[in-house]
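These notes are about the structure you will find just below.
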Amino acid sequence: MPLIAIVVAALAIGFEQLVQWKYGPMGIIAFVALSIGIKAKNTIIGGVGAVILVMLLAQSG
């Protein structure tokens, strides 16, 4: 069980660094809002984070 938690945490940190590198501070704000919204089960905060990430992804594509 601890090994799985370490692997998941490493993947989350890696994804966060990738988002910050590619999309800058706005990407990290969106990722944090999305993760807070999911953990708190708050659809408004999660939705705002998801919309910002989608807008950043659409802009780069």
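Keep in mind that what you see is a predicted model, and the values were worked out from it rather than measured. Here, residue 1 is the first one in the sequence, and each next residue gets the next number.
Residue Ala33 comes nearest to Gly49 through the heavy atom pair CB-CA, 3.9 Å, listed as atom of the first residue, atom of the second, then distance.
A single hydrophobic cluster is not seen to contain both Ile52 and Val32; linkage of ILVMFWY side chains at heavy-atom distances under 4.5 Å, directly or through other members, places them apart. Side-chain heavy atoms closer than 4.5 Å link hydrophobic residues (I, L, V, M, F, W, Y) into clusters, and following such links, possibly through other members, connects Val48 to Phe31.
We find the CG-CD1 distance between Leu34 and Ile38 to be 4.0 Å, quoted to the nearest 0.5 Å. Atoms CD1 and CG, on Ile29 and Leu53 in that order, are 11.0 Å from each other to the nearest 0.5 Å.
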